[in-house]
Every structure is written in structure tokens, then in C-alpha cells.
Amino acid sequence: FMNKFSQKEPWDFLYSALYYKNIYNLEDKSMQNSFGATYSFKNNMFLDISYNINDGRIGSEYGSKLVQDTIWTKLYWYF
């Protein structure tokens, strides 16, 4: 089960967005929460920075990850 909420151009900051994403595993009741920000450059590049938190019991999908907190930085180039 996945939910994503986003706010485009917060504080009138053009080409940007803030988001919250939750992925929930119904079988083992584990989840991953993500808080992030994106920015679109005018040369077809897209920057995504997010902070992910894994939560769940040991042996569950997200609880058994080696790292519980993660910071991701992704840079996309579309052509």
C-alpha cells in the first residue's frame, strides 16, 4: 500500500516540490516513510533529495534492512 502527498512550488519557489511518501506492507506491518524535495532545472535535469526511514519488526520487509535511516540524492537527465 503506497501513499504520496506533494506540494508544488512551496513558498513560490519555482520548479520545486516537497513530498511525503509512505509505503506500507500489509502482510508484515512494516513501512518506509520518505520526506523529500525536488527541483527541475531548465536543461532537462531533475534533482531529488529524500530522507527515508524504515520501520518494522526484525524479519519484516522494511525492519530487516541493514540501515534504518537513509539520505538519497538522485540526479536525472532526460533527453
Look at the side chain of Asn33 and the backbone N and O of Asn54, then say whether any donor-acceptor pair between them is shorter than 3.5 Å.
->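 Checked: no pair found.
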Report yes if some heavy atom in the side chain of [X] is under 4.5 Å from a heavy atom in the side chain of [Y]; otherwise report no.
X: Ser50; Y: Tyr19; result: yes
X: Ile53; Y: Tyr62; result: no
X: Asn44; Y: Phe79; result: no

Approximate separation, where rounding is to 0.5 Å, of [X] [atom1] and [Y] [atom2]:
X: Ser60; Y: Lys29; atom1: OG; atom2: NZ; value: 11.5 Å
X: Met31; Y: Asn3; atom1: CE; atom2: CG; value: 11.0 Å
X: Tyr24; Y: Ser30; atom1: OH; atom2: OG; value: 8.0 Å
X: Asp55; Y: Asn25; atom1: CG; atom2: CG; value: 12.5 Å
X: Glu61; Y: Glu27; atom1: CD; atom2: CD; value: 9.0 Å
X: Lys42; Y: Leu14; atom1: NZ; atom2: CG; value: 12.0 Å

Would you indicate whether [X], at its atom [atom1], is surrounded by more than 12 heavy atoms from other residues, nucleotides or ligands within a distance under 6.0 Å?
X: Leu26; atom1: CG; answer: yes
X: Lys74; atom1: NZ; answer: yes
X: Tyr15; atom1: OH; answer: no

Starting from Phe46, walk the hydrophobic network (Ile, Leu, Val, Met, Phe, Trp, Tyr; side-chain heavy atoms closer than 4.5 Å) and list everyone else you reach, by chain and number.
->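 Other cluster members: Tyr76, Tyr78.
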Between [X] and [Y], is there a shared hydrophobic cluster once you connect ILVMFWY residues whose side-chain heavy atoms come closer than 4.5 Å?
X: Leu18; Y: Tyr20; result: no
X: Phe5; Y: Tyr51; result: yes
X: Leu66; Y: Trp72; result: no
X: Leu75; Y: Trp77; result: yes

With Asn52, the side-chain contact (heavy atoms from CB on, under 4.5 Å) member among Gln68, Gln32, Lys21 |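 That would be Gln32.
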